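These notes concern the structure reproduced below.
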Amino acid sequence: MSTSGEPIRNAKSGAQSNPLFQLGKERLELIGKHADTLMQGYLQGHIDESSFTQQALDKLINGRILWRPDEQHPLCLRPNVNELIAGLTQDERKRQINSDVGEHLDLIHTRVQSLQAARQKGDYAASEHHLQLLTERVHDMTGQFGDAIESLWHRLNTEFGFVSSLDDKILEIELAQRQLRRVLDGFKIINFDDLIQLAGSDGTLRKLLVSQLQARISEHSGSLFEVQKRLILLMARFRHQQERALLVNRMSAFLRQHPNFKVGDYPNRSHVPGVINQAHGIHAQGFIALDRPQDSYALAELARAIPRSLTPPLHSEKQTQGFDTGIQDLVATEQKQLAKDVEDFFLQVIDTTNALSGIEYLAEKELSWEPEMWLFQIVAEYEGLPQQNKNSFILKKDSARKSAFNHLHIIKDISLGMRFFGDFQAVG
């Protein structure tokens, strides 16, 4: 009779029989056995070989935990082990963030192809396995960006406490700016058009590779924007402090070289040294004081005394060659005449006691304008009035619906009157 614990025991026994399981277990036990000495070597930057026996050293070197870069260099931790400890202890000073996502994208493309091939063959177990690995790869890539941004914030909030001089602080900001640019370059590598094409019509892949990934990248972009603003603010502040410190240091050095130096009253000097007085004299410019009403009569007399040319300036033949202004002058003249006629219409409305019809006024005055152009100019003139003046008029549009199938209204006539007439009401 089988129990529910038998499959679990079978899975454990199967995993333990795997050579990779045994090898990983031995390496982890080896790290745990020598944890104190390895951590001391992590802090010092090199390993004290006298703390190990020769057999233990051989095991650590063969286990890819320790290595010697060259014959003159002492033993030290391998970069991956160093990175592992830095990530576990959140030591941002030693953790290196690799923001190059090209390898991740290549592996994502390969994993998607394997997933699609497994689905075509009907191997659902293999497809689920590939989907799990693909999800882990996408999460690793977005988590890598998150670690890089966290490292930047850590550098901004804590790294400046480890440096004392302004120059070192500025160098730290420049290092953070280069790291920020690497992360932004990693964002540029991600092409969502390719990912959309790669996912196709698969809803699971589109959610994983497009919507979720895009949301995470947008979130990281917002965080990077805040980091960049903080970096620019700090750089400007430190540059300003550096400028003032440099000025003080150089002035202090000058006073040490010239102990009897006394600061003179330079603005009140009548004789300036030739090495300094290199600028030409400044000619004061005079302007008309328009804010003095008592001088208005004198200004008017000066304006009348200015000579004027009685003939308009003639344009040169070169400027007007190939450009005919006759049509434009005619259009401008007609536009001015139309505006004047509409202005006369408004004056007639003000003088009369009743509302006036635009079409009737056009026929009464025997004007040559098109009715549509005339009505349009009246509306334009009304809308162009200041709000206070516009409230003095009431505009009524006589319009009719063009068709039963749309809401287009054709304006047939416009009536304009003064607002104080109670028998005239405006209709939209």
Side-chain angles (χ1 to χ4, degrees), residues 287-291 293 295-428:
F287 298 94
I288 299 175
L290 300 177
D291 57 340
D295 298 336
S296 59
Y297 179 78
L299 293 176
E301 292 296 329
L302 290 174
R304 292 191 191 98
I306 297 176
R308 295 180 178 83
S309 178
L310 300 179
T311 59
L314 299 176
H315 296 283
S316 63
E317 183 180 355
K318 183 178 180 181
Q319 292 178 341
T320 59
Q321 184 177 4
F323 184 74
D324 186 9
T325 60
I327 299 178
Q328 291 190 357
D329 294 340
L330 180 60
V331 172
T333 304
E334 292 182 352
Q335 181 65 29
K336 291 180 181 179
Q337 185 62 37
L338 177 60
K340 183 180 182 303
D341 292 341
V342 172
E343 183 179 354
D344 294 339
F345 172 71
F346 273 79
L347 294 176
Q348 185 70 24
V349 171
I350 296 174
D351 294 338
T352 187
T353 57
N354 298 322
L356 294 182
S357 169
I359 298 297
E360 293 178 358
Y361 181 87
L362 182 66
E364 179 183 353
K365 298 297 182 180
E366 297 181 353
L367 300 177
S368 60
W369 306 112
E370 293 288 338
E372 182 179 358
M373 181 188 301
W374 173 255
L375 296 178
F376 178 81
Q377 186 66 26
I378 293 176
V379 174
E381 189 73 21
Y382 173 78
E383 295 295 338
L385 291 174
Q387 188 62 37
Q388 183 179 2
N389 297 338
K390 189 188 295 185
N391 294 334
S392 301
F393 294 96
I394 298 179
L395 184 71
K396 178 181 177 182
K397 300 176 184 178
D398 183 12
S399 61
R401 191 169 179 178
K402 178 65 176 177
S403 173
F405 301 100
N406 54 42
H407 295 280
L408 177 64
H409 287 256
I410 302 299
I411 299 177
K412 297 181 179 180
D413 194 4
I414 290 177
S415 297
L416 186 66
M418 301 302 293
R419 182 168 293 277
F420 52 80
F421 297 119
D423 55 347
F424 188 88
Q425 296 179 352
V427 182

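Since we're looking at a predicted model, the values are computed, not measured. The chain is numbered in sequence order, starting from 1.
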Whether over 12 other heavy atoms sit under 6.0 Å from F346 CZ: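 Above 12, so yes.
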Taking all atoms of both residues into account, what is the closest heavy-atom pair of [X] and [Y], and its distance?
X    : Y    : value
M418 : V349 : CG-O, 4.0 Å
I378 : G358 : CD1-CA, 4.2 Å
I414 : V379 : CD1-CG2, 3.1 Å
V342 : Q377 : CG2-CG, 3.3 Å

Would you please name every residue forming a salt bridge (charged side-chain N to carboxylate O under 4.0 Å, His left out) with [X], sequence neighbours left out?
X    : value
D398 : none
E301 : R304
D295 : R292

Distance in Å, [X] [atom1] paired with [Y] [atom2], rounded so as to fall on 0.5 Å steps:
X    : Y    : atom1 : atom2 : result
Y361 : D344 : OH    : CG    : 5.0 Å
K412 : S357 : NZ    : OG    : 13.0 Å
I359 : W374 : CD1   : CH2   : 9.5 Å

L416 and L356: CA distance, side-chain angles, deciding distance, side chain to side chain contact (heavy atoms under 4.5 Å, CB included) verdict: CA-CA 5 Å; L416 186 66; L356 294 182; 5.7 Å; no
Side chain to side chain donor-acceptor pair (under 3.5 Å) partners for W369, two or more places apart: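 W369 satisfies side chain to side chain donor-acceptor pair (under 3.5 Å) with D341 once adjacent residues are dropped.
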Inter- and intrachain pairs under side chain to side chain donor-acceptor pair (under 3.5 Å), touching residues 381-390, at least two apart: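 As it turns out, the side chain to side chain donor-acceptor pair (under 3.5 Å) pairs with a partner in residues 381-390, which skip direct neighbours, are E383-K390, Q387-N391.
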Those residues that, when tested against I410, pass side-chain contact (heavy atoms from CB on, under 4.5 Å) (two or more places apart):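 I410 satisfies side-chain contact (heavy atoms from CB on, under 4.5 Å) with K402, L408 only.
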pair I350-F393: side-chain heavy atoms closer than 4.5 Å: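 Yes, their side chains come closer than 4.5 Å.
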